[in-house]
Amino acid sequence: MTSSDLAITVRQVALAQPFSDQKPGTSGLRKSSRQFQTPHYLESFIEASLRVIPGVAGGTLVVGGDGRFGNRHAIDVIAQMAAAHGVARLITTTGGILSTPAASHLIRSRGAIAGIVLSASHNPGGPDGDFGVKINGANGGPAPESLTDAVYATTKSLDGYRIVDAAPLNLEAAGEQRLGALVVEVVDGVDDYVALMQKLFDFDRIRALLGSDFRVAFDAMHAVTGPYASRLLEGLLGAPAGTVRNGIPLEDFGGGHPDPNLTYAHELAELLLEGTDYAFGAACDGDGDRNMILGRACFVNPSDSLAVLTANATLAPGYAEGLVGVARSMPTSAAVDVVAKELGIACFETPTGWKFFGNLLDAGRITLCGEESFGTGSNHIREKDGLWAVLFWLNILAVRGCSVAEVMAEHWSRFGRHYYSRHDYEAIASEAAHGLYDRIKAMLPQLVGQPFAGRTIATADDFAYTDPVDGSLTSGQGLRLLLDDGSRVVLRLSGTGTQGATLRVYLESYVPPSGDLGQDPQVALGDLISAIDALAEIKVRTGMERPTVIT
C-alpha cells in the first residue's frame, strides 16, 4: 500500500459561471471529447453528482470505463474529488478498464453506493470522438431520472467544486493506495465477472463445442470486451488463439466505430455471411453491453435473439428452473411476446432505457429483458450484457448440437417470424429532424382508420408507460402506427448522439408459421418502408436518399 498525507488539503475551485448543457440522457452525459476537455467541465458534473448521490460520505464508489481517450484522466479527477467529499473507498480496475456489465456486478457485489462509468458506449472515441459519464445506482443499474434530474439542476447553479491535489493513480497492478482518508482499491476488472459467468453457463459443454470443428470469431472492436473475451473464450473455454479479434482496448478504438452491427462490424459480418470458415460470430460495443450474433450465412436480429434466448433459457444452468417473466423495449419487435405467451409467463413493454427493466428486475417480475438496439440481459446484473449473450448462445448451440441458422429456422417454424428492421438517419440538422417528427405527431389523431401500405392504421399514438412497480408515468416515448394486421411502424428521435439528431424508423411485419419465412427482411418490409417515407417525407425533409445504418 502506498500512502499520501492523511491530512491532505481540500481545495475549493470557483466557477465563473455554471455550465448549462450538462443534462444527462438515458445513458448519462455524452459530449465530444473536446467538450469534456473544457476547463472545469468534467469537474462540474462530478461535483454535482457527488452532491446528489446518497451516502457519499463514508461510502464505497466504483469507477472505471471503456478505455477511450480521457478515461484515465477522468478516473484521477474522480478519485481526487471523491477524497474531497469524504468517500471512504473507491474501487477501480487495472488500466481503468471496466465494462458496463462488469461495473454493474461490482457495484452489487461490493455494496457500493453507486458507480461512475466512463463511456460513450458505441460512439467513436479519441480526441475527435466522444466521451461520456454515466451514474449507476446502488442496484447496479442506470440512475433513475429523479437522480439525474437532481444532478442537472445542481450543475445549473454550481459556483465551484472541491478537489484535492494528488499524483495520478497507479493503475498498473492490483493493490491499495490512499488519497488522504480515501482508500483507492485497484482490482482486476475481469475476475469477478468471469466468476459470475461460470455460475450461469455450462462451461464444460461450451468448451467441448469450441474444441470441435466449430470455429468462432469474436470482434472486440478494440474496445472494453477484449480482455474479458480473451480470458473467457481463449483462456477458460479453450478457443484457439486469434479467436478474439481487435482484442486490445485503444483510446480511439483503432479509428473504428465500436457499434456491433452490420455496418460498423462489416469485416466480421463478411466472414460469417459470405465465407464458410466460421460457424459462429459475435461482436460487442465500446463499453461491452451490446452484442451482435451471427451464424454461417445467418444474421440474428436482436429482437429475434431475445426471443430465442427466452425459448431456450432452461438449457443454461443459471436459468434451468425457468423464467418468471420477460420484458422488451417498445421499439423491439413482438417476437418475444409470442414466446412468452406460449410459456405462460408475463411480458412487459417498456420505454427505451435499461432503468425501466431495473424496476421490474428488482421487483422479481422478470428474468430476461432486451432492446432492439443489440442489448440483452437478465437478473444477474442491472445492465445489458454483451458477452453474457454470446455465452448464452454458445451454451444453447452446445446443448442442441445444431447451427445458428437451424436454431432460427426451427424457432420461426414454431412461433412465426417477425420481419423487422431499424433504419437510422444520423446527424440530421436538429431543426429538420424535429420538424419531421413534430409534423407526424400532430397528424396522429387523423391517421386512425387511414390506409397505409395496403393495410389500415388501427392505432396512432405517442407511446406512454405506467410503471407497474412504482406507478410512475413516462410519456413521449415514440410515435407508433399500429396496423390492422399486427404490423407497425415506429418513429423516434435518439438522444444518444452528440452531433445533430438521429431519426430512428422501426418496421415490423409478422408472418405466421404457415407463411413465407425465408424472405429478405428489407424485401418483406418494402411496402412499409415506402409508405412511411411518403407519409413522413423522410427523404425530402432530411435530404438523405437512404438511411445511414440499416439493421
Completion exercise
Closest non-hydrogen contact found for N312 with F392 is O-CE2, 4.4 Å
Exercise for the section: Classify the side-chain pair Y264/D285 by whether it contains a donor and acceptor separated by less than 3.5 Å. Expected result: no
Practice task
Output yes when a side-chain donor or acceptor of R108 lies under 3.5 Å from a complementary backbone atom of G140, and no otherwise.
Solution key: no
Handout entry: Within-4.5 Å side-chain heavy-atom neighbours: T502 and L493
Key = no
Problem - Side chain R68, main chain S121, donor-acceptor under 3.5 Å - result: yes
Exercise for the section: Measure the shortest side-chain to side-chain distance between L147 and P54 over non-hydrogen atoms and say whether it is less than 4.5 angstrom. Expected result: yes
Problem - Residue pair V505 / L491, side-chain heavy-atom distance below 4.5 Å - result: yes
Practice task
Please report the shortest heavy-atom distance between A531 and F452, naming the atom on each side.
Solution key: CB-CZ, 3.5 Å
Practice task
Decide side chain to side chain donor-acceptor pair (under 3.5 Å) for T367 and Y319; before the verdict, give the C-alpha distance in whole Å, the side-chain angles of both, and the deciding distance to 0.1 Å.
Solution key: CA-CA 9 Å; T367 309; Y319 308 95; over 6 Å; no
Practice task
Decide yes or no on salt bridge (Lys or Arg N to Asp or Glu O under 4.0 Å) for D462 and R480, but give the supporting numbers first.
Solution key: CA-CA 6 Å; D462 192 349; R480 302 190 304 173; over 6 Å; no
Problem - Heavy atoms from other residues, nucleotides or ligands near CD of Q446 exceed 12 (cutoff 6.0 Å) - result: yes
Problem - Distance (rounded to the nearest 0.5 Å) between Y161 OH and L15 CG - result: 7.0 Å
Practice task
Could you tell me whether a side-chain N or O of H257 sits under 3.5 Å from a main-chain N or O of H122, the two making a donor and an acceptor?
Solution key: yes
Exercise for the section: Determine yes or no for a side-chain-to-main-chain donor-acceptor pair under 3.5 angstrom, with T148 supplying the side chain and E145 the backbone. Expected result: yes
Problem - Presence of salt bridge, K23 and D149, under 4.0 angstrom - result: yes
Problem - Residue pair R541 / I428, side-chain heavy-atom distance below 4.5 Å - result: no
Practice task
Return each pair, listed once, that meets salt bridge (charged side-chain N to carboxylate O under 4.0 Å, His left out) where at least one residue sits in residues 507-516; pairs must be two or more places apart or across chains.
Solution key: R488-E508
Problem - Interatomic spacing from SG in C298 to CG in D304 - rounded to 0.5 Å - result: 9.0 Å
Problem - Exercise: do D385 and H380 side chains pair donor with acceptor under 3.5 Å - result: yes
Practice task
Using atom types as modelled and distance alone, determine if a side-chain donor or acceptor of Y419 lies under 3.5 Å from a backbone N or O of Q519.
Solution key: yes
Practice task
Indicate yes or no: at least one non-hydrogen side-chain atom of Q22 is less than 4.5 angstrom from one of L29.
Solution key: yes
Practice task
Just do the side chain to side chain contact (heavy atoms under 4.5 Å, CB included) check on L447 and L535 with the steps written out, would you?
Solution key: CA-CA 10 Å; L447 292 177; L535 179 66; 4.2 Å; yes
Exercise for the section: Rounded to the nearest 0.5 Å, what's the gap from CD1 on I135 to CD1 on I116? Could you check? Expected result: 6.5 Å
Practice task
For the residue pair F374 and K384, establish whether any side-chain heavy-atom pair is separated by less than 4.5 Å.
Solution key: no
Problem - Nearest heavy-atom neighbours spanning L436 and A536 - result: CG-O, 3.5 Å
Problem - Residues N291 and T376: side-chain donor-acceptor under 3.5 angstrom - result: yes
Completion exercise
Closest heavy-atom pair, G471 versus T466, reported as atoms and distance to 0.1 Å, is O-CG2, 3.9 Å
Problem - N/O donor-acceptor pair under 3.5 Å between Q37 side chain and Q35 backbone - result: no
Problem - Audit row: D219, E267, side chain to side chain contact (heavy atoms under 4.5 Å, CB included) steps and yes/no - result: CA-CA 9 Å; D219 191 349; E267 291 182 0; 5.6 Å; no
Practice task
Salt-bridge test for R328 and E349: reply yes if a basic N is under 4.0 Å from a carboxylate O, no otherwise.
Solution key: yes
Exercise for the section: Say whether, by atom type as modelled, one donor and one acceptor occur between the side chain of E371 and the main chain of G353 under 3.5 angstrom. Expected result: yes
Handout entry: Heavy-atom pair of closest approach, residues P258 and P124
Key = CD-CA, 4.0 Å
Problem - Side-chain (R382) to main-chain (P142) donor-acceptor, under 3.5 angstrom - result: no
Problem - Stepwise salt bridge (Lys or Arg N to Asp or Glu O under 4.0 Å) test for K134 and E383 - result: CA-CA 12 Å; K134 187 178 74 159; E383 289 278 5; 2.5 Å; yes
Exercise for the section: Show your working on side chain to side chain contact (heavy atoms under 4.5 Å, CB included) between L444 and L481 and close with a plain yes or no. Expected result: CA-CA 8 Å; L444 291 175; L481 303 181; 4.2 Å; yes
Practice task
With rounding to the nearest 0.5 Å, note down the distance linking OG in S472 to CG in N359.
Solution key: 6.5 Å
Problem - Passing option when F36 is tested against F45, F69, Y41, F19 for ring-ring contact (aromatic ring centres under 6.0 Å, His included) - result: Y41
Practice task
Test side chain to side chain contact (heavy atoms under 4.5 Å, CB included) on W354 and N136 and set out the steps.
Solution key: CA-CA 11 Å; W354 214 257; N136 280 39; over 6 Å; no
Handout entry: Under 3.5 Å: donor-acceptor pair, side chain of S44, backbone of H40
Key = no
Problem - Sub-4.5 Å side-chain heavy-atom contact between I440 and M443 - result: yes
Problem - Crowding at CD, E410 (>12 non-hydrogen neighbours, <6.0 Å) - result: yes
Practice task
Classify the side-chain pair D461/T459 by whether it contains a donor and acceptor separated by less than 3.5 Å.
Solution key: no
Fill in the blank from the handout: Sorted by chain and residue number, the ring pair (Phe, Tyr, Trp, His ring centres under 6.0 Å) partners of F253 (sequence neighbours excluded) come out as none
Handout entry: Under 3.5 Å: donor-acceptor pair, side chain of S33, backbone of G129
Key = yes
Per-pair distances, 0.1 Å, donor-acceptor, side chain in residues 543-551, under 3.5 Å, sequence neighbours excluded:
from: T548; atom 1: OG1; to: E426; atom 2: N; distance (Å): 3.0

Handout entry: Side-chain donor-acceptor contact under 3.5 Å, S421 with Q522
Key = yes
Problem - Shortest non-hydrogen separation from S119 to D66 and the atoms involved - result: OG-OD2, 2.6 Å
Practice task
To the nearest 0.5 angstrom, please state how far the CG atom of L528 sits from the NE2 atom of H423.
Solution key: 10.0 Å
Problem - Value rounded to 0.5 Å, distance of CD in E47 from OG1 in T154 - result: 9.5 Å
Practice task
Please examine the side chains of P468 and F348, heavy atoms only from C-beta on, and report whether any two atoms are closer than 4.5 Å.
Solution key: yes
Practice task
Just say parallel, tilted or perpendicular for the rings of H411 and F415, cut-offs at 30° and 60°.
Solution key: tilted
